[in-house]
Amino acid sequence: MNVFHGAVLGTVLQVMIQILKDMGITEYEPRVINQMLEFTYRYVTTIIEDAKIYATHAKKSTVDADDIKLAIQCRMDQSFTSPPPRDFLLEVARQKNQTPLPLIKPYCGPRLPPDRYCLTAPNYRLKSIQKKVSVSSAGRISVPRLSVGAVSSRPTTPTLGTPSAAKAGAPVSLTGQRFTVQIPPSSQTTVSKSTTPSTPAVSNVLINPSLIGSKNILITTNMVSQSAATDSLKRKHEDDDDYDAL
Amino acid sequence: MAAVQGGMVDEKEEVDIKTEPQSDGFVNTNATDGRQLSPSPGSSSSAGSSKTAAGAPEDQQTLLAVLQFLRKNKLTESVEILRREAGLPEDALDSKGVDCGAPGSGGSAGGVDGLDAGSLLSRVTVSSSAGTPAPTKAVADDQPDVSVVLSAYSQQGDPALYKVYYSDLKKFIESVLDCHRAELSQVFYPLFVHMYLELVYNNHESEAKAFFQKFSGDQECYYEDDLRVLSSLTKKEHMRGNETLLDFRTSKFVLRISRDSYQLLKRHLQERQNNQIWNIIQEHLYIDIFDGMPRSKSQIDAMSGSLAGEAKREANKAKVYYGLLKEPEIELPLDDEDEEAENEEGKPKKKKPKKDSMGSKSKKQDPNAPSQNRIPLPELKDSDKLDKIMYMKEATKRIRLGPENLPSICFYTFLNAYQGLTAVDFTDDSSLIAGGFADSTVRVWSVTPKKLRKVKSAADLNLIDKESDDVLERIMDEKTASESKVLYGHSGPVYGISFSPDRNYLLSSSEDGTVRLWSLLTFTCLVGYKGHNYPVWDTQFSPYGYYFVSGGHDRVARLWATDHYQPLRIFAGHLADVTCTRFHPNSNYVATGSSDRTIRLWDVLTGNCVRIFTGHKGPIHTLAFSPNGKFLASGATDGRVLLWDIGHGLMVSELKGHTDTIYALRFSRDGEILASGSMDNTVRLWNAAKAFDDLETDDFTAATGHIHLQDNSPELLLGTYMSKSTPVIHLHFTRRNLLLAAGSYAA
């Protein structure tokens, strides 16, 4: 048993053990006493600190019983809330039970609440990019086989060469905006099976900004068949976001 | 506004807590009426007058009391206004039938003389309504009237005399005839608690402690836990925030006493000069009088023990449709049926549905069964029909159990569950086990060699052939196959787990106050149902899916549907936490067991409580409905299993044997055997068929609720099976009547 130092704590321990016995608890792990001691210490100091604050607020020089009582009451309402009173529950129940049970729609698939109340949405959101951007020379990325352009889910062909600012869509600015980089699917040909790049599934990946300074870069890839990393729902939402950003 | 007594000032804060006056639908004591008026006794009398619509005697009394108060404080204009608006006659001021039931204050002993016997009885009989407010006295000592009416626990007399009153009553009851003594002794406990609480409430700490010291030892042993809690309550501030205690104060403790015993008591108490005890009895106790033989001590002991006394007889009189719903007709593909089916004369095989496993083939409606569309139920999908066919096939291979043919027990021990196993569930076909743990995870295992797989991602799903026969296997992703899966999401220990009947969903309820719905196809969390803001102790899917019920620390049980984010029904009425929630096999009723030692049966359609079962002496942790829907079994911390007849609302039998809390109860598939598992590391099998067989429910029993329990537990016990220090927390009969048990090894 971990015992704190100090002889005075020996008596407090005895008090704790006696409390447990009085409340009729006979079986407990030895660590419970330590936990109770910690709790008591923390609770009492919180109350006394609160009481001191109330006393100074009331411009009293010493803390007296009323301050302590007030501190206890406030803490009770805050940390140790109790369930609502019975008549309130009965009233709420009466109202709720008056509405008839809703009819069940047939042929529904999984019966779930509206999407807002489910946990099935992706828990991240894509940042939108600005429309007006201007590119300076520093903004050019001389990475071969990369092109800078708007976030688009319909990349036509991979473009080689230097990034050009006059790409249809969104010229990119320096100020921390996002660049879309299109990686042609040639590197992924082993994976892809389909032959229709017109509806590619994009996966947005944030690459390490430190690589390219302070700019965010978004890589959209033409990937038709994706490994199980992203699941279908997420992909759909990514498409939506992409369209929104345009 | 001058406070007349100390009691009034305290009342004000009570009133502020209460939201709005509620006049119907729940226990309405006189004091509550008074409290509604107290915000404005002196000021806007119109508020008080608005309550007099019915002119009920109690309201009249409070009005008159208010009038008196105004008069006394010389607020003559208010007096006029109140009198005018309330329509009170001029002379009403003088006749003060205030004391009709309201506790008279100390010293107003004169109130006894003029008290009308009729007015007293009117407080106490079942049909308690208008006894005429007898203009009892015009005694000058009217000063406590308002506060008397307005506070629940005004001074009942000199606190030092409480001991005297109580010991007087004790002496009287001990001197009474044997046959009445047992019944009258029921009065001791509620009286003791209320008197003690009154002393505490009025800040007589030392007298309260002395009172407790002297008389707590006399109480029944099964109230020990309550008394221990009470002993730590010595100041009024301690009473705040303890909802159970507050409920106890405001609700009436119900006692069932025969008319003869009651007359004795009444006569004795009315003879005396100061009958404070009588006042307390009238205010805090509800005495349900019946005509007939007084009950014996054992009969009383069997039914008492709950926090609110016993159940009133009307509470158990509503009709309950306990029959089962008719199973839909399903054509069995008889290709691999048993041979005997094929031997029937050359009828086309498809036209022969299986008879016995589908319920009755009769077209008549079972009078005790609810109609099919009493509550909306989801329709059967093709997969459900396939499940049903599997079920019927398994049912044919089911072992018939009986006293000579006990089931084999297969125990699933969770080894090394350092996470703390807190809840277990099996699917109906026993193919999956789910465990809820104290580290807030939920784990699902496959019991069969078939592994658990996730559904493929959408892109992959596009590629498979949707028309193929084994499309259900093709949608599964082989790469994710594993023996078990872990589900993360809760932020507190998981206390309740339930599989859906179609094995697509899993519910889990946790200390964080939410109930989560998990998909067993993708093994992710779909919905979190927030409503209880306090630990949810139990949850269960309905036998037909779609609905589920949850019960928690906030003393209510809630009925949800998977596609509504808010509950559909709230079952409020228990005085303490709801620890166990179970659906009836026909999904029209929900049974809840609670820490207040009662079991309540609720109607899903209306949300009303249709049955209250008292008798357990400890919090109830498990419930089980019999497969035919007629009976309910319950297990609690007192180690007893009680069997209840739902139709009549009576206790059928008491099964003694376990020595520790019972956490698991399950009927076998035909209802022949009841299995119970407990913390004492044993599984016991009981002969349920025999217990229900010799039921004689005659009119007298049904009318009065008296039961004659036979002490035949040893005969009904068919076997005790011990595990090696593994408490049993879940039991499940497979479709072929093999008993599965689960627990976590406690080294």
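Naming convention: chains lettered A, B, ... in sequence-line order (proteins, then strands); numbering from 1 in each chain. Please read these numbers as outputs of a predicted model, since none were measured by experiment.
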A.B. asks: Taking non-hydrogen atoms and a cut-off under 4.5 angstrom, which of residues 372-379 of chain B neighbour chain A?
C.D. replies: B:Ile375, B:Pro376, B:Leu377, B:Pro378, B:Glu379
A.B. asks: Below 4.5 Å from any heavy atom of chain B, which atoms of A:Pro102 appear? Answer side chain, backbone, both or neither.
C.D. replies: both
A.B. asks: Tabulate, in ascending numerical order, the residues of residues 18-28 of chain A having at least one heavy atom closer than 4.5 Å to a heavy atom of chain B, or enter 'none'.
C.D. replies: A:Asp22, A:Met23, A:Gly24
A.B. asks: Do the ring planes of B:Phe548 and B:Trp560 sit parallel (below 30°), tilted (30 to 60°) or perpendicular (above 60°)?
C.D. replies: parallel
A.B. asks: Look at the side chain of A:Thr56 and the backbone N and O of A:Ile53, then say whether any donor-acceptor pair between them is shorter than 3.5 Å.
C.D. replies: yes
A.B. asks: Run the numbers on A:Leu101 and B:Arg569 for side-chain contact (heavy atoms from CB on, under 4.5 Å), then give the verdict.
C.D. replies: CA-CA 9 Å; A:Leu101 290 172; B:Arg569 290 283 180 263; 3.7 Å; yes
A.B. asks: Name the region of B:His574, side chain, backbone, both or neither, that has any atom closer than 4.5 Å to a heavy atom of chain A.
C.D. replies: backbone
A.B. asks: Would you mind checking which part of B:Arg555 comes under 4.5 Å of any heavy atom in chain A, side chain (CB onward), backbone (N, CA, C, O), both or neither?
C.D. replies: side chain
A.B. asks: Can you tell which part of B:Arg558 gets under 4.5 Å to a heavy atom of chain A, answering side chain, backbone, both or neither?
C.D. replies: neither
A.B. asks: Quick check on B:Thr562 against chain A: is it the side chain, the backbone, both or neither that has a heavy atom closer than 4.5 Å?
C.D. replies: both
A.B. asks: Does this structure show an ion pair linking B:Asp563 with A:Lys105, if we count only N-O contacts that are shorter than 4.0 Å?
C.D. replies: no
A.B. asks: Given heavy-atom pairs under 4.5 angstrom as the criterion, report whether the side chain, backbone, both or neither of B:Tyr534 touches chain A.
C.D. replies: side chain
